Amino acid sequence: MTTIANSVAAALRELADYAEMAGEDFYKVRAYRRAADTLATWPEDLRALAEAGRLRTIPGVGEAIEKKIMQFLGTGHIEALDRLREEIPPGVLTLRRIPDVGPRTAFRLYAELGITSIAEAERAARAGQIRVLKGLGERSEARILKGIELLNRLSDRVLLAVALPVAGRLRQALRALPTVQAAETAGSLRRLAPTVGDIDLLAATENPALVVDAFTQFPEVAEVVSAGESKATVILQDGLQADLMALPPAHYGSLLQHFTGSQAHNVTLRGWARDRGFSLSEYGLAPLAGGEPIPCATENEVYERLGLAWIPPELREDQGEIAAAASGTLPHLVTDKAIRGDLHVHSNWSDGVNTIEELAQAAIVRGYDYIAITDHTKSLGVAHGLDEARFADRQRDIDALNARLAPFRILSGAEVEVRADGSLDLPDEVLSRLDVVVAAIHTGLRGEADRVTARIVQAIQNPHVDIIAHPTGRIIGERAAMEFDFDAVLEAAAAHGVALEVNATPNRLDLDGEHVRRAIQRGVRLVISTDAHRADSLDYMPFGVAMARRGWAEAADVLNTRPVDRLLVDW
DNA sequence: GCCGTTTTCGGCCCGACTGTTTTCAGTCG
């Protein structure tokens, strides 16, 4: 799913990394990064824009970056980047992955010691070669060594579903401290990002130093990385990093705003504030003209004073939410409560753990009106996929349960395999008797992009298919998304009224927010489903709702917010 | 390198913490 715009963005980011190390002007580096960020999500086709001579209509693209984009479109290279690549070996870039090693230190390790890899940096540190550099002493050397150990020990990011309970316990522990008036989780966790790199925590207290001190002594804390008057960073027993910032309650709103981020959102928001005569920080709004700073006790106040509606954390990714908040056009995001049923659930007829009745009861307990039992089909042998005869048997089971459980409704469904040639592994005649047909690719995920696209589009064209499951096939930390033409899939889905699934399984979260947004923009409808293989997993739903919200989805964009009669009428 | 109903030049987001320093640079979020 790499588009030309993504490739250009990647090249510009790399250029920024190199330029930063080479000591280029900070604002030049930032200009490259800003342009890269904008390009990565730019909806228009880059080649068409270039041909029309309209590249500079993209914000952040001026004369110099336009030239670089043209170079890339023409030759696949950017001259300035090629030159820097020759000057600085690519391995030097990787040094920045070491905590506390930034661009300047990385460059000096290379320029003065010839270090081009993390392994070499480790050897040099052990040999005591780093401490002799001006400005770096024994402690810096030890810090680098420790950073490398940390890097080797920690996996990059953890799943939202893993971090949330840990964060919840820490938040409770903070709230239980006597001087703490309020405590909240912030950062990417509060924005409900699919994965988080650390846990950010905030506390409102008249005695920040005391709270910071107490925090560093929580039993879950394995190691204190840094601790000051108002901030601390620790490593928890399970390897996660947690950051705390504490301030007096008068500042709590700006503190929450600041620590929730994202970084990109904050940068743009501060620019917005500056344009209106304020400097914004975690302490509040300070008039640029001088005068008393204005502390903000609530987050709403921060946005309000800047002439903006409060922005839901899930949207704070600098994807146009500030402009939308200014013009009163923020979406009314879909909520957990709006979901009336789960449309992708496996029973013990295939590879699920629970009986259909157990699943139905679990759905009833969760307040749902309906559930679709979507067992695997025969070609997925490993999952005890059902053949035509077993579907007929299962139908009798479902009919009997529906008679007993009404008005709750069990929908008879299947997760049908899309074969290599794009056909489905159940005959149309069987599909036509099902209430819900979910089509999915489980094999040939690494196929050529054109072929994968063609398979999905062909499945969409089958008149019985209602939903495409986990459309990109990514599994976080295990498998990248399939290479295919997402826009072509969106076009086909819109044309045939097929919904795309937002799969709520914590390590799938597929579609993610970015894809959801594109789908909505193209008029494609969504469903949010758990893909549960046991009754407990119906609780994954909020993670899927989170992805939909991050993609600006409203209830009307999501089919399973509808009552069952209005759900089936379109299918 | 980008940008402009105050500007085509002089701005550009803000502050904590650390280490190695006598005032600050680098890193991070």
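Bear in mind that the values here come from a model prediction, so they are computed numbers and not experimental data.
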Using the closest heavy atom to pick a nucleotide of DNA chain B for each, name whichever of A:Ala31 or A:Gly271 lands nearer the 5' end.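 Nearer the 5' end of the strand: A:Ala31.
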So which one's nearest nucleotide on DNA chain B is more toward 5', A:Gly62 or A:Ala227?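 In this pair, the answer is A:Gly62.
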A:Val516 and A:Asp557, any side-chain heavy atoms less than 4.5 Å apart: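 No, every pair of side-chain atoms sits at 4.5 Å or beyond.
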I'd like to check A:Leu288 versus A:Ser279 (side-chain heavy atoms, cut-off strictly below 4.5 Å). Are they in contact?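 Yes, their side chains come closer than 4.5 Å.
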Any side-chain donor-acceptor pair under 3.5 Å between [X] and [Y]?
{"X": "A:Gln257", "Y": "A:Tyr303", "result": "yes"}
{"X": "A:Thr179", "Y": "A:Asn207", "result": "no"}
{"X": "A:Thr298", "Y": "A:Asn300", "result": "no"}

With a non-hydrogen cut-off below 4.0 angstrom, is [X] in contact with a base, only sugar-phosphate, or nothing?
{"X": "A:Phe26", "value": "nothing"}
{"X": "A:Glu138", "value": "sugar-phosphate"}
{"X": "A:Glu24", "value": "nothing"}
{"X": "A:Thr268", "value": "nothing"}
{"X": "A:Asp25", "value": "base"}

Does A:Tyr27 lie flat on the base of B:dC2, that is, centres under 5.5 Å apart and planes under 30° off?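 Stack criterion not met.
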Would you say [X] places a side-chain N or O within less than 4.0 Å of OP1 or OP2 belonging to [N]?
{"X": "A:Arg143", "N": "B:dT18", "value": "no"}
{"X": "A:Arg139", "N": "B:dC17", "value": "no"}
{"X": "A:Ser140", "N": "B:dT20", "value": "yes"}
{"X": "A:Ser230", "N": "B:dA16", "value": "no"}

Might you list the N or O atoms of the protein lying below 3.5 Å from N or O atoms in nucleotides 7-9 of chain B, with each pair's distance?
none

Please give the distance between the [atom1] atoms of [N] and [M] as a whole number of Å.
{"N": "B:dG1", "M": "B:dT5", "atom1": "P", "value": "23 Å"}
{"N": "B:dC17", "M": "B:dC13", "atom1": "P", "value": "23 Å"}
{"N": "B:dC28", "M": "B:dT22", "atom1": "C1'", "value": "25 Å"}
{"N": "B:dT20", "M": "B:dC14", "atom1": "P", "value": "30 Å"}
{"N": "B:dT6", "M": "B:dG11", "atom1": "C1'", "value": "13 Å"}

Could you tell me the separation between the [atom1] atom of [X] and the [atom2] atom of [N], rounded to a whole number of Å?
{"X": "A:Leu280", "N": "B:dC13", "atom1": "CG", "atom2": "C1'", "result": "9 Å"}
{"X": "A:Arg30", "N": "B:dC3", "atom1": "CZ", "atom2": "P", "result": "12 Å"}
{"X": "A:Ile322", "N": "B:dC13", "atom1": "CD1", "atom2": "C1'", "result": "12 Å"}
{"X": "A:Leu285", "N": "B:dC14", "atom1": "CG", "atom2": "P", "result": "11 Å"}
{"X": "A:Arg34", "N": "B:dC12", "atom1": "CZ", "atom2": "C1'", "result": "7 Å"}
{"X": "A:Asp37", "N": "B:dC13", "atom1": "CG", "atom2": "P", "result": "14 Å"}
{"X": "A:Phe278", "N": "B:dC14", "atom1": "CZ", "atom2": "P", "result": "13 Å"}
{"X": "A:Asp275", "N": "B:dT6", "atom1": "CG", "atom2": "C1'", "result": "12 Å"}

Glycosidic conformation of B:dT7, syn or anti, with 90° from 0 as the boundary?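 That one's syn.
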With no hydrogens and no angle check, is any side-chain donor or acceptor of A:Arg171 less than 3.5 Å from a backbone partner on A:Leu201?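 Absent.
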Hey, can you tell me if A:Phe218 and A:Phe215 have their rings parallel, tilted or perpendicular (30° and 60° cut-offs)?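 Rings of A:Phe218 and A:Phe215: perpendicular, over 60°.
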Mind telling me whether A:His251 and A:Tyr283 have parallel, tilted or perpendicular rings, with 30° and 60° as the class edges?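 Rings of A:Tyr283 and A:His251: perpendicular, over 60°.
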Protein within reach of the bases, or only the backbone? For nucleotides 22-29 of chain B, mark each nucleotide 5' to 3' as B, S or -, using heavy atoms under 4.0 Å. ----SSSB
Could you identify the nucleotide paired to B:dC24, looking across every strand shown and requiring Watson-Crick or G-U wobble geometry with both distances under 3.5 Å?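 Checking every strand shown, B:dC24 finds its partner in B:dG19, with both distances under 3.5 Å.
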When rounded to the nearest 0.5 angstrom, what distance separates CD1 in A:Ile130 from CD1 in A:Ile115?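 Rounded to the nearest 0.5 Å, the CD1-CD1 separation comes to 5.0 Å.
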Point-to-point distance, once rounded to the nearest 0.5 Å, from CG of A:Leu133 to OG1 of A:Thr105: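 These two atoms lie 9.5 Å from each other.
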Before you tell me yes or no, could you show the steps for A:Arg30 and A:Asp25 under salt bridge (charged side-chain N to carboxylate O under 4.0 Å, His left out), namely the whole-Å CA-CA distance, both residues' side-chain angles and the distance that decides it to 0.1 Å? CA-CA 9 Å; A:Arg30 196 180 71 176; A:Asp25 179 43; over 6 Å; no
Using every non-hydrogen atom in the two residues, find where A:Ala5 and A:Leu39 come nearest and quote the distance to one decimal.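 Closest pair (atom of A:Ala5, atom of A:Leu39, distance): CB-O, 3.5 Å.
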Looking only at non-hydrogen atoms, find the nearest pair between A:Ile199 and A:Ala163 and report the distance.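 Scanning both residues, the minimum pair turns out to be CD1-O, 4.0 Å.
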Choosing from B:dC13, B:dG1, B:dC17, which nucleotide comes nearest the side chain of A:Arg274?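 Looking only at side-chain atoms, A:Arg274 lies closest to B:dC13.
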Tell me which residues in residues 66-93 of chain A lie within less than 4.0 Å of DNA chain B, going by non-hydrogen atoms.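 Only A:Lys68 qualify.
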Side chain to side chain contact (heavy atoms under 4.5 Å, CB included) between A:Glu14 and A:Leu93: does it pass, once the steps are laid out? CA-CA 9 Å; A:Glu14 194 183 341; A:Leu93 286 179; 4.3 Å; yes
